[in-house]
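Have a look at the structure that comes next, please.
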Amino acid sequence: MNGGFLEAGLIDEISILIGAGANGRTSQPSLFDGRPESSRPIALQLKDVESYEDGAVWLRYLVK
């Protein structure tokens with residue numbers, strides 16, 4: 001669903017919280033599954049970064 005909204009130009013900001021851990025499972029979907037393979041990458045502009053004592057990072061991007 002996220003990929004469809006992104007492809008349709010309905011998203012103007014992306015907020016991603018990354019926790020301090022890794023899982024490596026191959027069966028997990030990506031953040032923007034569903035975009036056609038022929039689609040070009042969508043440019044993002046970094047808006048803000050916050051880091052936390054537990055090692056997490058919150059990234060905020062504007063969709064260009």
Side-chain angles (χ1 to χ4, degrees):
M1 182 179 268
N2 290 342
F5 286 141
L6 188 63
E7 192 69 25
L10 299 174
I11 297 176
D12 60 359
E13 185 174 324
I14 296 172
S15 176
I16 303 171
L17 182 62
I18 301 172
N23 75 28
R25 291 179 275 178
T26 59
S27 63
Q28 299 300 309
S30 73
L31 189 58
F32 293 105
D33 279 351
R35 295 188 67 225
E37 287 189 33
S38 60
S39 293
R40 291 177 164 233
I42 293 176
L44 304 176
Q45 178 182 347
L46 185 61
K47 179 179 178 180
D48 190 43
V49 176
E50 286 188 44
S51 60
Y52 297 90
E53 289 184 20
D54 66 356
V57 180
W58 181 18
L59 306 169
R60 292 176 58 202
Y61 292 95
L62 296 175
V63 177
K64 296 179 92 179

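Values below: every heavy atom of this structure, side chains too, minus hydrogens, waters and symmetry copies.
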Given side-chain contact (heavy atoms from CB on, under 4.5 Å), test Asp12 with Leu62 step by step and report yes or no.
CA-CA 6 Å; Asp12 60 359; Leu62 296 175; over 6 Å; no
Would you compute the distance between atom CG of Leu46 and atom CZ of Arg60 and round it to the nearest 0.5 angstrom?
10.0 Å
Distance check, rounded to the nearest 0.5 Å: Leu6 atom CG versus Ser39 atom OG?
9.0 Å
Quick one: does Asp48's side chain get under 4.5 Å of Glu50's, heavy atoms only?
yes
From CA spacing to verdict: side-chain contact (heavy atoms from CB on, under 4.5 Å), Ile14, Val63:
CA-CA 7 Å; Ile14 296 172; Val63 177; 3.8 Å; yes
If only atom types and distance count, is the side chain of Asn2 paired as donor or acceptor with the main-chain N or O of Leu31 below 3.5 Å?
yes
OH (Tyr52) with more than 12 external heavy atoms under 6.0 Å:
yes
Can you tell me how far the CH2 atom of Trp58 sits from the OG atom of Ser51, to the nearest 0.5 Å?
12.5 Å
Write down the atom of Ala56, the atom of Leu17, and the distance for their closest heavy-atom approach.
CB-CD1, 4.5 Å
